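Accompanying notes for the structure given below.
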2 protein chains.
Amino acid sequence: MDGFVATYTNRLDQKGRVSVPAPFRSLLAREGQDGLYCYPALDQPAIDGGGSRLQEAIASRLAVFETFSEEHEILSTAFYGDSRVLKIDQDGRIVLPEEFRTYAGITDTVVFVGQGFKFQIWSPERFEERQKEARTHLRSVTRGLGRNNPGRSAAGDQA
Amino acid sequence: MDGFVATYTNRLDQKGRVSVPAPFRSLLAREGQDGLYCYPALDQPAIDGGGSRLQEAIASRLAVFETFSEEHEILSTAFYGDSRVLKIDQDGRIVLPEEFRTYAGITDTVVFVGQGFKFQIWSPERFEERQKEARTHLRSVTRGLGRNNPGRSAAGDQA
DNA sequence: TGGGATTGTATGGGCGTCAATGGAATCGCC
DNA sequence: GGCGATTCCATTGACGCCCATACAATCCCA
C-alpha cells in the first residue's frame, strides 16, 4: 500500500528549511525521485507536493491538447510555471520558497497532510480551520445517513 | 521525468546579456544541445526557447500537414523563419537579439517560464498579465466544466 | 522486566561552492 | 585603428553540504 498517509507537523528554521516527514521521503525515493515536485493548490491556501506520480497526473492532463495550441500553451504556463522542484538535502529537508510561504500563509511551522498519491503543506492555523469545517460537514453527512458517529474525521490526528 | 519547470527572473546587463537559469542550462545540456533554439511565440508577445525536444515537437507538428500545403507554409515560416540559435557563453549567458527584445517588449529584466518541453522568455510586466490569465483559466477548467470531455471542452482528466 | 545503549529523526548552525551579475580585457571584422 | 562581439575575471549573495545536538522509540541484555 503505497501512498502519503497521516499528518506531520514540523518547524521551519531560520533559513526556511523544514524536514520532509521520513515516511514521505522514503515513498518519494521509492517513486524514483530525488526532488520534490510542488505547486500551489488550486482551490486551497496550501501547497501540493509529490513525486513522479503527481507529475504524471499533471502531464496527462496536458497531453489531451495539441502541442502549440492555445489551450496547451496557457495550461502549461499555469502548471509548470507555478511549479517548483525542491531539492531534498541529505538531512531530508527542503527550503520552502517565499512565494509558497506567502501563498499558504506559512511562517514558522508547517503541516504535512498525506493525500494518497500526493500530499499537502499547510500553515497550522489554516489547516485547523479547514479541519473544523470538514468535521462539521462530515457530521451533517453522517447524521443524514443515520449512522453512529464513526469517530474522527478522515484526515487523522497529529503525529 | 524532466522538463522545464518553474519561473526565474533575471536581469539583462548593458550588453544585452542575460543568464539562462542554471536548471534550464543543465537540461539543455542533457538534451545534447549547446545552443539555445528560439523563435517568437506564435500567439504571444514572448520568445519560445528550448533544445532538441522543442525542435522535434515542431517537426512533428509540421509533419501532419502536407508539404507545400498552405498550413505547412505558414507554420514553417513562423517556426523556422524567425528562429535563432543563441549561443550560450561559458558563464551561462545569452545575448537576446534586438528583434526578440522588441517583439517581447523586454528592456532590462526578463522572466524565464518553464513549460515542460520548452520554456518562454517574457517581459515581467506582460508576463504578470499572462500569468493571471493562465491561473484564472486553469481554475475555470478544473472546476465544473466537463471533465470527461477532453476533446472540445477545456478539461482533461482528474489529477 | 527494567535500564542502558543504540538508532533514526528533527533541528540548529558553520562554511565552502556555485550561480548571477557587473565590468575589464581581448579578439575579430571592417 | 575603431567598434562590436566574445572571453575572462571579480564580487556578492544564496544555496548545498557537513557536523553537532536533542529527543524519542526500539533493542538488547542482564
Side-chain angles (χ1 to χ4, degrees), chain A residues 4-30 33-38 49 83-102 106-114 119 121-124 127 156-159, chain B residues 2 4-30 34-36 38 49 84-102 106-114 119 121-124 127:
Chain A
F4 299 102
V5 171
T7 79
Y8 301 87
T9 301
N10 287 342
R11 290 181 57 81
L12 287 134
D13 65 17
Q14 289 164 337
K15 297 184 185 179
R17 297 178 299 185
V18 62
S19 294
V20 177
F24 289 9
R25 292 204 305 261
S26 68
L27 182 51
L28 288 170
R30 239 175 301 145
Q33 284 278 125
D34 48 274
L36 174 61
Y37 191 85
C38 304
S83 294
R84 301 284 124 100
V85 179
L86 304 185
K87 189 169 191 175
I88 300 178
D89 71 21
Q90 52 201 46
D91 295 330
R93 288 183 282 197
I94 54 173
V95 297
L96 266 190
E98 175 59 31
E99 318 93 74
F100 284 179
R101 275 182 282 166
T102 303
I106 289 167
T107 56
D108 64 346
T109 305
V110 300
V111 181
F112 291 85
V113 185
F119 60 86
I121 303 175
W122 286 79
S123 91
F127 182 63
D157 262 353
Q158 210 50 308
Chain B
D2 29 32
F4 299 102
V5 168
T7 76
Y8 300 88
T9 301
N10 287 342
R11 291 182 58 82
L12 287 137
D13 65 16
Q14 291 159 340
K15 304 180 191 174
R17 297 178 300 182
V18 62
S19 294
V20 178
F24 289 8
R25 293 204 305 261
S26 69
L27 183 51
L28 288 170
R30 242 176 298 147
D34 49 271
L36 175 61
C38 316
R84 299 282 140 83
V85 179
L86 303 184
K87 188 173 176 184
I88 300 178
D89 71 22
Q90 51 203 43
D91 292 334
R93 289 185 277 200
I94 53 173
V95 178
L96 263 192
E98 176 58 31
E99 319 91 79
F100 285 178
R101 273 181 281 166
T102 303
I106 289 167
T107 57
D108 64 345
T109 305
V110 300
V111 180
F112 291 84
V113 186
F119 60 87
I121 303 175
W122 286 79
S123 88
F127 176 65

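Just so you know, these numbers come straight off a predicted model, no measurement behind them. Side chains are part of it too, since the values below use all heavy atoms of this structure and drop only hydrogens, waters and symmetry mates.
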- Task: Check the distance between dC18(C)'s P and Lys87(A)'s NZ and give it to me in whole angstrom.
- Result: 11 Å

- Task: Among dA24(C), dT11(C), dC17(D), find the nucleotide with the atom closest to the side chain of Lys15(B).
- Result: dA24(C)

- Query: Which nucleotide sits closest to the side chain of Asp13(B): dG13(C), dA20(C), dG22(C)?
  - Reply: dG22(C)

- Any idea how Phe119(A) and Phe112(A) line up, ring-wise: parallel (<30°), tilted (30 to 60°), or perpendicular (>60°)? tilted

- Item | Under-4.0 Å side-chain N/O to phosphate OP1/OP2 contact, Arg25(A) with dA10(C) | yes

- Rounding to a whole Å, what distance do you find between Ile94(B):CD1 and dT7(D):P? 15 Å

- Shortest side-chain distance from Arg11(A), nucleotide among dG12(C), dA19(C), dT9(C): dG12(C)

- Message: Could you tell me how far apart Leu12(A) (CG) and dA10(C) (P) are, to the nearest whole angstrom?
- Response: 14 Å

- Message: Is the shortest side-chain heavy-atom distance between Leu86(B) and Leu96(B) below 4.5 Å?
- Response: yes

- Message: Check Asp91(B) with Arg17(B), please: is the shortest side-chain N to carboxylate O separation under 4.0 Å?
- Response: no

- Item | Interatomic distance where CZ belongs to Arg17(B) and P belongs to dC8(D) [whole Å] | 13 Å

- Measure the acute angle between the ring planes of Phe24(B) and Tyr8(B), then classify it against the limits of 30° and 60° as parallel, tilted or perpendicular. perpendicular

- Item | Whole-Å gap separating P (dT11(C)) and CG (Leu96(A)) | 13 Å

- Task: Starting from P on dC27(C), measure out to CG on Asp89(B) and report it in whole angstrom.
- Result: 17 Å

- Please confirm whether any donor atom in the side chain of Asp91(A) sits under 3.5 Å from an acceptor in the base of dC17(D), or the reverse. no

- Interatomic distance where CZ belongs to Arg84(A) and P belongs to dC15(D) [whole Å]: 12 Å

- Are Arg93(A) and dC15(D) close enough that a side-chain N or O sits under 4.0 Å from OP1 or OP2? no

- N or O in side chain of Gln14(B) less than 4.0 angstrom from dG22(C) OP1/OP2: no

- Message: Nearest to the Gln90(A) side chain among dC18(D), dC8(D), dT11(C), which nucleotide is it?
- Response: dC18(D)

- Can you name the residues that form a side-chain hydrogen bond (donor to acceptor under 3.5 Å, both in side chains) with Arg25(B), not counting sequence neighbours? none

- Query: Whole Å only: how far is the CG atom of Leu86(B) from the C1' atom of dA5(D)?
  - Reply: 14 Å

